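So that the names make sense, note that chain A is the first sequence line, chain B the second, and so on, each numbered from 1. From a predicted model like this one, the values you see are computed outputs, not experimental measurements.
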Amino acid sequence: MSELSNAISEEGPPPFARRVLDIIDRIPPGRVMTYGLIADTVDAHPRLVGRVMTHWADETQWHRVVYANGTPATCHGNNALVLLRGEGTPMHGDRVDLVHALWDG
DNA sequence: AAGCTGACTCGCT
DNA sequence: GAGCGAGCCAGCT
């Protein structure tokens, strides 16, 4: 373990990922952010945000990150939907009401 | 080295 | 309102 790739696992997410996680972590309960909005905040592309989530989602409120159309990331089940409702997030059926729930950081 | 896949979004039909 | 395709970046096989 003297390689950089190993160090990342030991120290944590790189600056870019850390930035994304920090943004998500500061999203207040009852509010959500879209991948595109976060990506724009960090000056990156939505795909990059999704990649960060795949590796470090467990370190942040991943359920507060939804798709541009308001659909929660149903990657590992619909538990995100339950969590959002549990926080009192403005919902419209199974979709988040971005008009009221979207947080612009 | 090349190609595929993936927690994405937008525009067009 | 719903479906399809294209663009996009990085990591893994």
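Put simply, the side chain of A:Leu98 reaches to within 4.5 Å of the side chain of A:Val66, judged on heavy atoms. A:Met91 is listed as a side-chain neighbour of A:Leu81, based on a closest heavy-atom distance under 4.5 Å.
Listed by chain and residue number, A:Arg64 satisfy the salt bridge (Lys or Arg N to Asp or Glu O under 4.0 Å) test with A:Glu87 (two or more places apart in sequence, or in another chain). With sequence neighbours left out, A:Asn69 forms a side chain to side chain donor-acceptor pair (under 3.5 Å) with A:Thr71. With sequence neighbours excluded, the residues that form a side-chain contact (heavy atoms from CB on, under 4.5 Å) with A:Ala17 are A:Pro13, A:Pro14, A:Val52, A:Trp56.
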Quiz item: Can you list the steps and then say if A:Ile24 with A:Met33 is a side-chain contact (heavy atoms from CB on, under 4.5 Å)?
Solution: CA-CA 8 Å; A:Ile24 299 171; A:Met33 256 180 117; over 6 Å; no
Self-check item: Verdict with reasoning, A:Leu37 to A:Leu102, per side-chain contact (heavy atoms from CB on, under 4.5 Å)
Solution: CA-CA 10 Å; A:Leu37 185 57; A:Leu102 186 62; 4.1 Å; yes
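Contacts of residues 20-43 of chain A with DNA chain B (heavy atom under 4.0 Å): A:Tyr35, A:Gly36.
Within the structure, no pair that satisfies the salt bridge (Lys or Arg N to Asp or Glu O under 4.0 Å) test touches residues 96-105 of chain A, not counting sequence neighbours.
If you check every strand for non-hydrogen atoms under 4.0 Å, A:Ala57 touches a base.
For DNA chain C, the contact window with chain A, defined by any atom under 4.0 Å from a protein heavy atom, covers C:dG7 to C:dA10 in 5' to 3' order.
A:His45 places its NE2 atom 13 Å from the C1' atom of B:dC10, with the value rounded to the nearest Å.
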